[in-house]
Structure formats: C-alpha cells, structure tokens
Amino acid sequence: MERSRIAVAGASGLIGSALVRSLAADGHEVVRLVRRAPRGPDEVHWDPGRQHVDAAGLAGCDVVVNLAGAGVGDRRWTPEYKRLLRDSRVLGTVTLAEAVASLPRPPRVFLNGSAIGFYGETGDRVVDEDAPPGDGFLAGLCVEWEEAAAPAQEAGVRTVFLRTGLVVARGGGAWGRLFPLFRAGLGGRLGDGRQYWSYIALHDEVAAIRHLMDAEATAGPVNLTAPQPLTNREITAAMARVLHRPAAFAVPAPVLRTALGEMAGDVLGSQRVVPKRLLESGFRFAFPGIEEAIRAA
C-alpha cells in the first residue's frame, strides 16, 4: 500500500494500538480520533455519545477505521452496561459513517468493527459470512452495529465489517486474562470444554485489517478468525503445552453463570466460524495454528 492518510477510532484499544504502531512504522500518516482536546495535528476530536466528530479533520483520509467500543468482557452485563456497549458502538458508527458520507472526497474504504458474536450459538456447525444472525444480546448488537454504517455504504464508500473472533494477545481481551491464570498453574477448561472458540493472533488481526484496506473487490462482512476453530478443551491443552504448566482446573458452568451473569452464555457458547471471504481475498495467515498464535503472543 502506498503511503496513505488513515484515521483510526479506538486507537488506544488492544487492536487499535497495534494497528497504529504497524501503520506508523511503515510511514503512513495516522490520525487518531480522541475524546479529549487534540494535542497535535495527528489527532481529531470526536464525541460519539453526542454524535459529533470534527469532519474537517478527516479530510484527505484514504481510509477510516472504526474500532471504538466499550469492552464486552470488562464488566458484568447490567442494563446500564449493556446500554453503554450498544451506544459506544452504534452511535460511534453512525457518527463516522455520516461524516465519511459528507466529505467532498470520501475515503476509498470504511473499515468498521464488528464481531463473530453476530452468529450467536452455532454449536458444531461451521459458519461463514453467508450465515444469518443468531439470537441473544451480542448478535442483536452486531446487527445494529453493522446497520449503523449505512450512510457510508449509501454514499458509495466501500464498507467492510470486521467480524473479529477471540484475539490471542498478552495485553488484553480474553487471552489477557487467561495467560496469568495459566502461568500461575490455575488454567483449565471452561464448562465441559466442548464449545468451539474461533480465535486469531493479534499479528494476523492487524495484518488482515491492513490487507482489507487494499482488497478492492471485498466489501461487507469479513470474518477475522483463524482457519481452524478449536474447542475450549483443545485450546486449554495447547496453553498448557506452550506455557509448560498444568491445566487441571475446570470452572463448572454453574459457577461461571453465577460469576458472570448473562455474559456466561457467550463464554460457554460455541462458535465455529471460518474466514471464507478473507481467504478468498488472498490473505495468508502468519500464525494459523493455536500453538503458533500463543507463542506469538
């Protein structure tokens, strides 16, 4: 990709910060969207809650990436936090999509966050981007999240929905919590361990996002997951092998439901998701296997 001006919302998050580092290292001009007062020309103010963004700061951007949203696993899903999860995604997406559509020279692509939660519970069934939405809070949230990008699509901007799986990384997300437990010898399966987890190494997540910036024939939903989903039991065994720690503990499903409330349904749920469109677009994974992904993290 030639040197480009790229705006990133959610630049301080796990994926966003890694993406910004990668782009800047290759000489791209990165503009970060911030909620506080901008501290320099590489920052643009926005307030997604009030559906405001300084659209002038997006002028000249070749790519706009929206990765903003409150952490799904950060807190128990109270009615108030579920509202925050929704608003931080839906309102932010509407804000950016409308700003993108209003620009005299819109960006060539709008990459908007989403998640494999779109598919809901899939059990042992393999699903790709052609599968319909599932049931439950996360599935409904993902549907609204993607629909909020309509202004950009209607303006003719190529729009891609990044349906991300569980990111294997040390610094955050599900694995950010798993690594310390396994290092302490307290790791183990969750529930019966038969549920499928669709994961992706952080390196491949960033590489896939960058690949999609230039994949001109690709639009709509794209699953960002490794090619071979594994069960929680298989992933637990891989963690134990790589970290040379036992994995004798198991957290029973009733305990998870008591501790996590409604969110436990998604921890115990099974999603066997494959990246059909990403592979069709020519992307190649650097760390497709779970042990490779764990070692990379």
In the structure I gave you, are the side-chain heavy atoms of Gln228 and Glu234 within less than 4.5 Å of one another anywhere? no
CD1 of Ile235 to CG of Leu230: how many Å apart, nearest 0.5 Å? 5.5 Å
Can Asp128 and Arg163 be said to form a salt bridge (charged side-chain N to carboxylate O under 4.0 Å, His left out), step by step? CA-CA 11 Å; Asp128 59 29; Arg163 290 183 181 168; over 6 Å; no
Restricting to non-hydrogen atoms, name the atom on Ala148 and the atom on Val94 that form the minimum distance, rounded to 0.1 Å. CB-CG2, 3.5 Å
Here's one to test your reading of the geometry: is the NZ or CZ of Arg170 within 45 degrees of the ring axis of Phe179 and under 6.0 Å from its centre? no
Considering residues, nucleotides and ligands other than Glu216, do more than 12 of their heavy atoms fall under 6.0 Å from its CD? no
Determine yes or no for a side-chain-to-main-chain donor-acceptor pair under 3.5 angstrom, with Arg183 supplying the side chain and Leu243 the backbone. no
Would you indicate whether Glu2, at its atom CD, is surrounded by more than 12 heavy atoms from other residues, nucleotides or ligands within a distance under 6.0 Å? no
Among the clusters formed by ILVMFWY side chains lying less than 4.5 Å apart, do Leu33 and Val109 turn up in the same one? no
After noting the C-alpha distance and the side-chain angles of Val242 and Ile290, does the key distance pass the side chain to side chain contact (heavy atoms under 4.5 Å, CB included) rule? CA-CA 10 Å; Val242 173; Ile290 187 59; over 6 Å; no
Residue that, paired with Ile6, satisfies side-chain contact (heavy atoms from CB on, under 4.5 Å) out of Leu19, Asp62, Val65, Val31: Val65
Hey, is CZ on Arg108 packed in by over 12 heavy atoms from elsewhere, all under 6.0 Å? yes
Given 3.5 Å as the limit, does a donor-acceptor pair link the side chain of Asn66 with the main chain of Ala68, or not? yes
Spell out, as yes or no, whether a donor-acceptor pair under 3.5 Å connects the side chain of Thr93 to the backbone of Arg89. yes
Decide yes or no for Phe283 and Pro275: does some side-chain heavy atom of the first lie under 4.5 Å from some side-chain heavy atom of the second? no
Step by step, would you call Trp46 with Arg35 a side chain to side chain contact (heavy atoms under 4.5 Å, CB included)? CA-CA 5 Å; Trp46 82 317; Arg35 291 174 173 81; 4.2 Å; yes
Stepwise, does the side chain to side chain donor-acceptor pair (under 3.5 Å) test hold for Thr159 with Gln153? CA-CA 6 Å; Thr159 301; Gln153 291 176 299; 4.9 Å; no
Could you state whether Ile116 and Ile209 fall into the same hydrophobic cluster, counting links through intermediate Ile, Leu, Val, Met, Phe, Trp or Tyr residues with side-chain heavy atoms under 4.5 angstrom apart? no
Any side-chain donor near an acceptor of the partner, Gln271 and Ser198, under 3.5 Å: no
Atom CH2 of Trp145 and atom CZ of Phe118: how far apart are they, to the nearest 0.5 Å? 12.5 Å
Looking only at atom types and distance, does a side-chain atom of Arg277 sit under 3.5 Å from a main-chain N or O of Thr218, one as donor and one as acceptor? no
Arg194 atom CZ, over 12 foreign heavy atoms within 6.0 Å: no
Nearest-0.5 Å distance, CG of residue Leu224 to OG1 of residue Thr164: 4.5 Å
Nearest 0.5 Å, please: how far is CE in Met239 from CG in Asn232? 10.5 Å
Looking at Glu121 and Ser270, would you say the former's side chain and the latter's main chain have a donor-acceptor pair under 3.5 Å? yes
Count the heavy atoms of every other residue, nucleotide or ligand shown that sit under 6.0 Å from CD of Glu144, and state whether that count exceeds 12. yes
Are the side chain of Asp204 and the backbone N or O of Ala286 linked by a donor-acceptor pair below 3.5 Å? yes
In this structure, OH of Tyr196 is separated from CZ of Arg125 (nearest 0.5 Å) by 13.0 Å
Could you please spell out the steps behind the side chain to side chain contact (heavy atoms under 4.5 Å, CB included) verdict for Val274 and Leu279? CA-CA 9 Å; Val274 295; Leu279 292 173; over 6 Å; no
Is a side-chain donor or acceptor of Arg32 paired with a backbone partner of Val20 at a separation under 3.5 angstrom? no
Residues which pass salt bridge (charged side-chain N to carboxylate O under 4.0 Å, His left out) with Asp124, listed by chain and number, not counting sequence neighbours: none
Close side-chain approach of Val206 and Arg21, heavy atoms under 4.5 Å: no
Any chain of hydrophobic side-chain contacts (each under 4.5 Å) joining Met213 to Leu162? yes
Looking at Arg36, I want to see if its CZ is surrounded by more than 12 non-hydrogen atoms of other residues, nucleotides or ligands under 6.0 Å. yes
side-chain contact (heavy atoms from CB on, under 4.5 Å) partner of Trp197, the single match among Val168, Leu190, Thr231: Leu190
Taking Asp47's backbone N and O only, do any of them form a donor-acceptor pair with His52's side chain (distance below 3.5 Å, no angle check)? no
For Arg295, salt bridge (charged side-chain N to carboxylate O under 4.0 Å, His left out) partners two or more places apart: Glu291
Parallel, tilted or perpendicular for Phe287 and His203, by the 30°/60° rule? perpendicular
Should the heavy atoms of other residues, nucleotides or ligands under 6.0 Å from CG of Asp135 be counted, would the total exceed 12? no
Atom pair CZ/CG of Arg5 and Asp42 - distance to nearest 0.5 Å: 9.5 Å
Before you tell me yes or no, could you show the steps for Ile200 and Phe285 under side chain to side chain contact (heavy atoms under 4.5 Å, CB included), namely the whole-Å CA-CA distance, both residues' side-chain angles and the distance that decides it to 0.1 Å? CA-CA 9 Å; Ile200 184 169; Phe285 286 83; 4.1 Å; yes
